[in-house]
Amino acid sequence: MKYPFKEIEAKWQKRWEEEGIYKVDLSNTACKLYALVMFLYPSGDKLHIGHWYNYGPADTWARFKRLLGYNVFEPMGYDAFGLPAENYAVKTGIHPGDSTSANIAHIREQLKSMGAMYDWDHEVNTSAPGYYRWTQWVFLQLYRMGLAYRSAAPVNWCPSCQTVLANEQVVDGACERCDTPVIQKTMTQWFFRITAYAEELLRDLDKLDWPDKTVTMQRNWIGKSIGVDIKFRVKETGDEFSVFTTRPDTLFGVTYVVLAPEHPFLRKITTPDYRAVVSAYAELVAHETEIERTSTIRVKTGVFTGAHAINPISGEEVPIWTADYVLARYGTGAVMAVPAHDERDFEFAKKYSLPIRKVILQPGTSPDDPLEAAYTDPGTMINSGKYRGEKSKAGIEHVAEDLERVGLGKRTVNYRLRDWLLSRQRYWGAPIPIVYCPGCGELPVPDNQLPVVLPYNVDFKPTGESPLARSAEFVNTTCPKCGGPARRDVDTMDTFVCSSWYFLRYVSPHLDSAPFDRELVRKWLPVDKYIGGAEHAVMHLLYARFVTKALRDAGWLTFDEPFTSLVHQGTITNNGAKMSKSRGNVVNPDSFIERYGSDTFRMYLMFMGPYDEGGDWNDKGIVGLHRFLNRIHDMVLEREDLLRSMPDREMTPDIVKSGERHLYRKLHQTIKKVTEDTEAFRFNTAVAALMEMSNEFSSALAAGDGAAISPEFTAYVIRRFLLLLAPYAPHLSEELHEAIGGEKSIFASRGWPACDEAATAAEAVTVVAQVNGKIRSKFDVPVGEGEESLKQRAFEDAKVKRWIEGKQVVRTIVVKNKLVNIVVK
RNA sequence: GCCGAAGUGGCGGAAUUGGUAGACGCGCUGGACUCAAAAUCCAGUGGAGCUUAACACUCCGUGUCGGUUCGAGUCCGACCUUCGGUACCA
């Protein structure tokens with residue numbers, strides 16, 4: 001018989017809500033635990049498996065912590081601005097605000113059907129004026145600190161749609177809507193100066209309990225490199241420009257220099273004969289993506305400018321080229337090319353027959369050995385004037401020092417990280433709170449005039465300018481300084497701004513006098529456990545760290561990092577690809593909830609595999625979990641009356657009957673395993689342990705018609721088992737807990753079972769006997785049996801004897817409680 | 001391309017950190033129950049061979065190739081495939 005999960009789940013969801021059991025008392029900060037899942041993007045219309053995979057197991061972990069006695073705060077909200085809602089609106093004519101509210105209403109119900117312990121009084125919605133008012137406030141804080149500025153930047157532009165395209169809207173270099181080739185157009189954009197925090201963002205990674213891979217990715221993304229800016233003079237014009245290099249020790253090996261095609265000097269220094277070629281080349285490169293340009297397998301291209309540069313240390317003249325593999329925005333937009341010791345330069349020099357001069361000697365080679373490929377590791381300097389014979393490490397310092405002394409070089413630190421471009425020429429976002437007055441210039445909107453409300457009636461169809469520019473009602477305003485007519489900034493903010501501070505808002509989502517209650521934030525932040533997808537490993541997580549640090553420096557926060565501990569759930573793919581509406585491979589969980597219930601479904605998600613690995617979706621095994629929960633349901637209800645009549649009492653190995661002892665051990669082994677695995681997000685193995693326990697227990701009950709197992713002991717085991725199960729199958733556990741006499745909610749009990757550590761040790765182990773590493777026999781011995789004794793057993797073993805007979809024993813390896821390996825010849 | 005991961009039975013996966021490969025579950029096969037089916041329960045289940053009423057036994061096996069080691073899914077090197085990110089999807 002199938003257990004009535006529908007009734008049970010509805011009953012408990014209703015009761016939890018009525019009794020307000022998950023309403024968190026934020027004033028109680030003893031054992032506080034802020035468990036946060038990355039909030040939802042309500043883009044499509046429904047929750048999909050990926051959301052459940054994020055939220056279900058995260059809720060299990062939070063419930064587990066609650067049973068351990070923590071005061072757990074687990075909020076939920078919506079990252080509701082963004083491109084998909086706007087695209088949907090362009091396509092269907094449905095206003096993004098309307099589709100978003102409808103989606104949220106639906107999603108909220110789906111979330112409730114999951115049965116998580118969200119405190120709905122703390123919900124946030126980033127597209128609500130009461131929220132984005134404070135997103136604008138965040139912008140202004142950064143603006144006042146000089147961390148927000150305007151600058152020209154290239155954007156993807158479709159000349160036919162007359163609109164800026166997101167990268168995902170560009171398919172093979174063309175607009176996804178009309179197939180027109182996309183061009184790069186320069187527009188004035190707002191930036192956050194995240195690079196000002198590069199060093200701290202890098203350094204504080206050491207403080208975080210984050211997955212190693214995420215820390216590594218952030219570190220590589222920031223991309224710190226220490227080097228020297230070296231000045232080269234242009235022979236023909238006398239202009240000076242700098243190159244950035246981490247290898248000043250190779251300066252004597254420079255045989256040409258390269259300016260990026262976008263380099264501001266390029267036009268100026270190019271000699272008349274070469275102008276046509278160089279500008280045609282720059283035009284060509286403007287269509288290439290950065291990935292293409294920096295590809296290491298693609299054939300590099302470039303052209304000579306006709307000009308020459310003078311090597312500041314050797315006085316040598318070398319040609320100046322421009323090439324696509326040099327990027328304007330990294331370093332100084334120019335490189336000194338040392339083909340002998342840089343792979344890209346080597347390849348380029350070969351292609352264009354530029355000289356290759358060896359200046360670093362690879363250890364173990366001779367200066368006259370031909371160079372087959374670039375040697376990029378350190379070595380000894382040769383062909384380098386007075387530096388000859390110095391090791392790379394010393395040479396780097398020495399050359400840098402000498403250049404600095406004569407003013408031709410400056411030691412610098414360069415980062416790959418770029419400033420955060422946050423303005424969007426779109427409708428569905430938080431307006432940038434800046435006003436332009438003909439007389440007073442660019443001015444921030446005063447805090448007391450926030451929010452700058454996003455008007456509802458706006459034509460958001462793409463026409464070449466920000467949609468808000470066409471709303472006279474929005475654009476025309478008065479100058480906050482002189483009171484004269486002024487115009488608003490018509491761009492909106494990147495949704496990453498909204499999500500860079502939402503974790504602060506959750507503690508006081510309805511507060512309208514401040515972005516957050518500072519006292520509560522002081523007590524509850526930083527987030528203790530942050531759970532979300534690895535696809536956010538760099539951008540969102542880096543932006544949130546940056547905003548936290550900026551608000552700290554503005555005096556609003558007292559901590560340095562927003563997320564103390566981080567866990568990624570893996571990606572659930574479908575047919576090998578990430579689930580997304582655009583790919584049309586989204587799997588809706590609702591039908592599974594309908595058929596099996598939330599407890600089965602969330603448990604299946606946890607049982608599927610390691611939480612941080614995700615995997616390709618398939619529903620084949622779900623029935624196994626459903627059977628498991630059915631068996632638990634039946635096993636408890638068959639003994640309902642008996643169990644209810646049994647008082648709950650602690651047991652020890654001494655008082656249990658001999659027939660119960662192995663179950664006592666199994667129970668405590670299970671408590672240990674489930675506790676450790678749940679804590680560490682190893683849900684799959686915790687569930688397997690619960691199954692093993694249940695299998696062993698029910699066979700024991702069946703074996704002697706239960707005669708060997710007393711009712712008291714049965715109650716003892718089942719009560720604890722239900723507690724272990726509670727975070728995994730909260731509805732069913734509540735139901736069974738009540739059925740056997742529980743009066744309060746199981747989650748009010750805070751009674752995670754204690755583990756009798758001493759009882760978990762096994763009494764006997766199987767030791768294997770190997771001959772030359774191949775297993776030939778096994779025997780059971782008491783735990784801890786000595787090496788000599790094990791060795792003796794192995795040599796006396798009949799099967800082993802067959803394999804060592806007539807051979808010479810070379811060596812014997814004995815590992816206690818594990819194996820004996822006899823090596824013979 | 002670059003950065004970061006992952007490859008284990010028919011399938012999802014497990015394996016106290018170098019020491020019994022395949023826990024747990026799905027599926028499949030056989031059996032019990034049933035008029036029958038479903039559900040449930042019991043037993044078996046990596047591949048090949050050999051033997052067989054059965055027990056047992058042998059060889060092979062963790063993406064590919066090579067290495068280190070008494071011993072490698074686990075460590076090292078090279079490669080292949082798949083996934084996430086790559087700064088305007090979030």
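Proteins get letters first, then strands, A, B, ... in listed order; numbering begins at 1 in each. Please read these numbers as outputs of a predicted model, since none were measured by experiment.
The shortest distance between the side-chain N/O atoms of A:T216 and the OP1/OP2 oxygens of B:rG4 is not below 4.0 Å. Listed pair A:K2 / B:rA39 fails the phosphate criterion, with no side-chain N or O lying under 4.0 Å from OP1 or OP2. For A:N220 and B:rC2, the shortest distance from a side-chain N or O to OP1 or OP2 is not below 4.0 Å. Taking side-chain N and O atoms only, A:R627 has a distance below 4.0 Å to OP1 or OP2 of B:rC26. Look at A:R298 and you won't find any side-chain N or O under 4.0 angstrom from OP1 or OP2 of B:rG1. A sub-4.0 Å separation between OP1 or OP2 of B:rC89 and a side-chain N or O of A:W428 is absent. In this structure, A:T495 reaches the B:rA90 phosphate: one of its side-chain N or O atoms is under 4.0 Å from OP1 or OP2.
Judged by distance alone, with hydrogens and angles left aside, the side-chain atoms of A:Q569 form no donor-acceptor pair with the main-chain N or O of A:D612 at under 3.5 Å. Without hydrogens or angle criteria, A:N125 side chain to A:G77 main chain gives no donor-acceptor distance under 3.5 Å. A side-chain donor-acceptor contact under 3.5 Å links A:R293 to the backbone of A:V326.
Between A:K91 and A:N87, every side-chain heavy-atom pair lies at or beyond the 4.5 Å cut-off. Using a 4.5 Å heavy-atom cutoff, the side chains of A:K673 and A:Q669 are not in contact.
With rounding to whole Å, A:Y53 atom OH is found 14 Å from B:rG84 atom C1'. B:rA87 atom P lies 17 Å from atom CD1 of A:I222, rounded to whole Å. In this entry the distance linking NE2 of A:H568 with P of B:rG84 reads 15 Å, nearest Å. Here the C1' atom of nucleotide B:rC89 and the NE2 atom of A:H51 are 12 Å apart, to the nearest Å. We find that OH of A:Y728 is positioned 15 Å from C1' of B:rG25, with the value rounded to whole Å. Here B:rU86 presents its C1' atom at 14 Å from CD of A:E292, a figure rounded to the nearest Å.
B:rC83 sits 16 Å from B:rG12 when the P atoms are compared, rounded to a whole Å. Using P as the reference atom, B:rG19 and B:rU74 are 11 Å apart when rounded to the nearest Å. Of the P atoms belonging to B:rU34 and B:rU29, the separation is 23 Å, rounded to the nearest Å. For the C1' atoms, the distance linking B:rC59 with B:rG63 amounts to 23 Å, nearest Å. If you take atom P in B:rA48 and the same atom in B:rG61, they sit 15 Å apart, rounded to whole Å. Spacing between B:rA87 and B:rU82 at atom C1', rounded to whole Å, works out to 25 Å. Look at the P atom in both B:rU58 and B:rC50: the space between them is 16 Å, to the nearest Å. The gap from the C1' atom of B:rG22 to that of B:rC26 amounts to 15 Å, rounded to the nearest Å.
Aromatic rings from A:F601 and A:F592 are positioned such that their centres are separated by under 6.0 Å.
For the 3.5 Å distance criterion, the side chains of A:D489 and A:W190 qualify, holding a donor opposite an acceptor.
Each of A:Y543, A:Y197, A:F496, A:F191 was compared with A:W420 under the ring pair (Phe, Tyr, Trp, His ring centres under 6.0 Å) criterion, and only A:Y543 meets it. Results of the salt bridge (charged side-chain N to carboxylate O under 4.0 Å, His left out) test with A:E785 over A:R793, A:K818, A:K816 single out A:R793 as the only residue that passes. Screening A:Y502, A:Y131, A:F503, A:Y55 for a ring pair (Phe, Tyr, Trp, His ring centres under 6.0 Å) involving A:F39 leaves a single residue, A:Y502.
In terms of polar N and O atoms assigned as donor or acceptor, the side chain of A:Q169 never comes within less than 3.5 Å of the base of B:rC89 in a complementary pairing.
Distances from the side chain of A:N695 to the nucleotides B:rC24, B:rC2, B:rC59 place B:rC24 closest. For A:M217, taking side-chain heavy atoms from C-beta onward, the closest of the listed nucleotides B:rG1, B:rA87, B:rG84 is B:rG84. Minimum atom distance to the side chain of A:N156 is reached by B:rC88, of the listed B:rG1, B:rA90, B:rC88.
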Polar-atom pairs under 3.5 Å, protein N or O versus N or O of nucleotides 74-77 of chain B: list them with distances, or write none.
none

Expected rows: protein N/O vs nucleotides 12-19 of chain B N/O, under 3.5 Å:
unit_1	atom_1	unit_2	atom_2	d
B:rG12	O2'	A:M608	O	2.5
B:rG13	O5'	A:M608	O	3.3
B:rA14	OP1	A:N684	ND2	2.7
B:rU16	O4	A:K818	NZ	3.4
B:rG19	N2	A:Q770	OE1	3.4

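Using a 4.0 Å heavy-atom criterion, one finds that A:H536 contacts the bases of the nucleic acid, with or without backbone contacts as well. Among the atoms of the strands shown, only primed sugar atoms or phosphate atoms (P, OP1, OP2) are found under 4.0 Å from some heavy atom of A:R776.
Taking the ring axis of A:Y149 as reference, the NZ or CZ atom of A:R193 stays within 45° of it and closer than 6.0 Å to the ring centre.
A salt bridge links A:K300 with A:E347: the distance from a Lys NZ or Arg NE/NH1/NH2 to an Asp or Glu carboxylate oxygen falls below 4.0 Å. In summary, A:D342 and A:R344 engage in a salt bridge, as defined by a charged side-chain N under 4.0 Å from a carboxylate O.
Paired regions of RNA chain B, where each region holds three or more successive Watson-Crick or G-U pairs whose two hydrogen-bonding distances fall under 3.5 Å, are B:1-7 with B:80-86, B:10-12 with B:24-26, B:27-32 with B:40-45, B:46-49 with B:57-60, B:63-67 with B:75-79.
Of the inter-residue distances, the one linking A:F348 atom CZ with A:D324 atom CG reads 8.0 Å to the nearest 0.5 angstrom.
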